[in-house]
Amino acid sequence: DEVNDTWMCDTGRLNYQFVNAADRLRRPQLRLDGALTAVEWPAAIEAAAAALRRAGGEGGGIAAVASPHLTNEENFRFRQLL
C-alpha cells in the first residue's frame, strides 16, 4: 500500500480471461514428423536437453540460453562470457 496505494494497471486488472482460454497450451509440445504434438513434461525436458547438447557440439563446447528480457548490452556481455 505504501508503494502504489493498491493501484493496478488496466491491463492487469481487466485482462485475466486468457488464463482459462480454451486455446491455451496446457502441455508442452514437440515437433514430431513435421507437426506439433502434445507430450509429457519428461519428454519435453529431454528434448530440450538434447538440443542444448547438440548445440554444444562434439568438441565439448558449451551452450547457454539467454533471455530476451535482457538489454542488448547484457546479452553482448553474456556472449563474451561464453
For this session: Determine which pairs satisfy salt bridge (charged side-chain N to carboxylate O under 4.0 Å, His left out) with at least one residue from residues 20-36, sequence neighbours left out, and list them in order.
Result: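 Residue pairs passing salt bridge (charged side-chain N to carboxylate O under 4.0 Å, His left out), neighbours aside: R27-E40.
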
Exercise. How long is the span from the CG atom in N75 to the CG atom in L81, to the nearest 0.5 Å?
Worked result: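 Taking CG in N75 and CG in L81, the distance rounds to 12.0 Å.
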
Exercise. Measuring from T37:OG1 to L30:CG, what's the distance to the nearest 0.5 Å?
Worked result: 8.0 Å

Exercise. Would E46 and R53 pass as an ion pair if we require N to O under 4.0 Å?
Worked result: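 Salt bridge: yes.
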
